[in-house]
Chemist: 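I am attaching a structure below and will ask some questions about it afterwards.
Bear in mind the structure is a predicted one, so any value in this text is a computation, not a measurement. Start at 1 with the first residue, then count along the sequence.
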Amino acid sequence: MKKIKKNRFIVSTKVGSKGQIVIPIEARKMFNINPGDTVMVLGDINRGLAIMKDEIFYKVAKFIK
């Protein structure tokens with residue numbers, strides 16, 4: 001893990017044989033992701049992937065029309 005700024009970091013994780021990844025502990029702590037939580041995976045061919053808790057996604061999505 002490399003800290004960039006106080007509220008940012010970069011970390012790598014490997015994709016397992018079943019296509020699964022582990023969300024690093026730093027990210028789980030920062031974003032309060034706990035076992036049993038649901039996350040959204042958003043993808044854009046040009047910008048890549050994003051992962052966020054579903055409750056945050058739905059709050060943001062309310063403002064997108």
Side-chain angles (χ1 to χ4, degrees):
M1 178 190 71
K2 180 176 180 179
K3 281 237 178 200
I4 305 291
K5 291 186 177 181
K6 181 179 178 184
N7 295 323
R8 297 179 181 171
F9 60 86
I10 295 174
V11 65
S12 64
T13 187
K14 292 191 180 203
V15 178
S17 61
K18 295 182 181 181
Q20 298 169 320
I21 62 168
V22 173
I23 301 172
I25 188 70
E26 298 88 0
R28 288 183 277 139
K29 285 181 179 178
M30 183 179 287
F31 296 102
N32 193 30
I33 298 172
N34 299 296
D37 287 350
T38 300
V39 296
M40 304 294 286
V41 178
L42 294 79
D44 179 283
I45 194 74
N46 296 312
R47 298 178 75 188
L49 295 172
I51 300 171
M52 66 176 65
K53 286 181 78 167
D54 65 335
E55 60 194 43
I56 301 299
F57 172 79
Y58 293 123
K59 285 180 185 176
V60 171
K62 284 183 6 181
F63 297 103
I64 301 172
K65 294 189 179 190

Chemist: Could you give the distance from CG (D54) to NZ (K59), rounded to the nearest 0.5 Å?
Modeler: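 With rounding to 0.5 Å, CG (D54) is 10.5 Å from NZ (K59).
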Chemist: Starting at NZ of K29, measure out to CD1 of I23 and round the result to the nearest 0.5 Å.
Modeler: 15.0 Å
Chemist: Restricting to non-hydrogen atoms, name the atom on G43 and the atom on L49 that form the minimum distance, rounded to 0.1 Å.
Modeler: CA-CD2, 3.9 Å
Chemist: Can you name the closest pair of heavy atoms from N32 and N34 and give their distance?
Modeler: OD1-ND2, 3.2 Å
Chemist: Return the OG1 to CZ distance between T38 and F57, rounded to the nearest 0.5 Å.
Modeler: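 CZ of F57 is found 13.0 Å from OG1 of T38.
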Chemist: Is there a path of hydrophobic side-chain contacts, each under 4.5 Å between heavy atoms, that joins M40 and V22?
Modeler: no
Chemist: Shortest non-hydrogen contact from R8 to M30?
Modeler: N-CE, 4.2 Å
Chemist: Could you pull out the closest heavy-atom pair between F31 and K53, with the gap in Å?
Modeler: O-CD, 3.2 Å
Chemist: Hey, quick one: are I33 and I25 part of the same hydrophobic cluster, counting side-chain heavy atoms closer than 4.5 Å, chains of contacts allowed?
Modeler: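 As far as the 4.5 Å side-chain criterion goes, I25 and I33 are not connected within one cluster.
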